[in-house]
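To start, the structure itself, in structure tokens.
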Amino acid sequence: TADELRSRPLLDFVHPDDRVVAAHELERMFAGLTDGCVNRLATRAGGWRDVEWTARVVPEDARIYAVARDVTDRNAMQSALEAGEARFRELVHSLPNAAVVTFDHNLRFTFAAGEALEPGLEVVGRSLAEVWPDFATALTPRYRATLGGHYHSFELKGTDGDAHWVQMAPL
């Protein structure tokens, strides 16, 4: 109840493993050094929820006015996404003599992994023309067509003369 919340210190509701950090964060908020924090709070049912705080200090009142947002579901989705990405990376890295790349509408790579990539080649965040300038002219129309929903399979001769089988598929 509201009376229960008013009669007890906030730290009583914080998860025991978070209390030391939460106490430090509260001190920092009262000092005006930060305006928010994240911790776990007790629920009425006895569970715990991840909460993100935004706060403002009013020194003359010796109070902090705060808004708490429940981010438990967001954090769970983020963890599931990270686990899925880890599985995807493991799958890609286990494909022999292969590489998988993804790219956005600006033809900037958003993912790149696999043993067929040159060791040390920085791909993610760079454009096709930056990464493989010798192939940009030939690949750009195919990349754009793939973004439009078309599948492609073809052989591409590398600068070393080796042939590489390329498959492009829209996600």
Mind running side chain to side chain donor-acceptor pair (under 3.5 Å) on Asp35 and Trp53 for me, showing each step along the way?
CA-CA 8 Å; Asp35 62 358; Trp53 295 89; over 6 Å; no
Shortest non-hydrogen contact from Gly158 to His164?
N-CD2, 3.9 Å
Could you tell me how the ring of Phe88 sits relative to the ring of Phe111: parallel (under 30°), tilted (30 to 60°) or perpendicular (over 60°)?
tilted
Can a donor-acceptor pair be found, under 3.5 Å and without considering hydrogens, that links the side chain of Arg49 to the backbone of Ala42?
no
Decide if the gap between the ring center of Trp132 and the ring center of Phe109 is smaller than 6.0 angstrom.
yes
Salt bridge (charged side-chain N to carboxylate O under 4.0 Å, His left out) between Lys157 and Asp162, worked out:
CA-CA 6 Å; Lys157 294 266 187 207; Asp162 290 345; over 6 Å; no
Between Val131 and Glu122, which heavy-atom pair has the shortest distance, and what is it?
CG2-O, 4.1 Å
Check whether any side-chain heavy atom of Tyr65 sits under 4.5 Å from a side-chain heavy atom of Thr54, and report yes or no.
no
Would you check if the side chain of Glu115 reaches a backbone N or O of Pro96 as a donor-acceptor pair within less than 3.5 Å?
no
Please check if the side chain of Arg19 supplies one atom and the backbone of Asp12 the other of a donor-acceptor pair under 3.5 Å.
yes
If you take all heavy atoms of Ala145 and His152, which pair is closest and at what distance?
CB-NE2, 3.3 Å
Is a donor on one side and an acceptor on the other found under 3.5 Å between the side chain of Asp18 and the backbone of Ala22?
no
Is atom CD of Glu82 surrounded by more than 12 heavy atoms (other residues, nucleotides or ligands) closer than 6.0 Å?
yes
Heavy atoms only: give me the nearest Ala112-Val101 pair and the separation to one decimal.
CB-CG1, 3.8 Å
What one should report as the nearest heavy-atom pair of Arg74 and Arg69 is NH1-NH2, 4.0 Å
For the student: nearest non-hydrogen atoms of Val14 and Trp48, plus distance:
C-CZ3, 3.7 Å
Short side-chain to backbone donor-acceptor contact, Asn106 and Arg108, under 3.5 Å
no
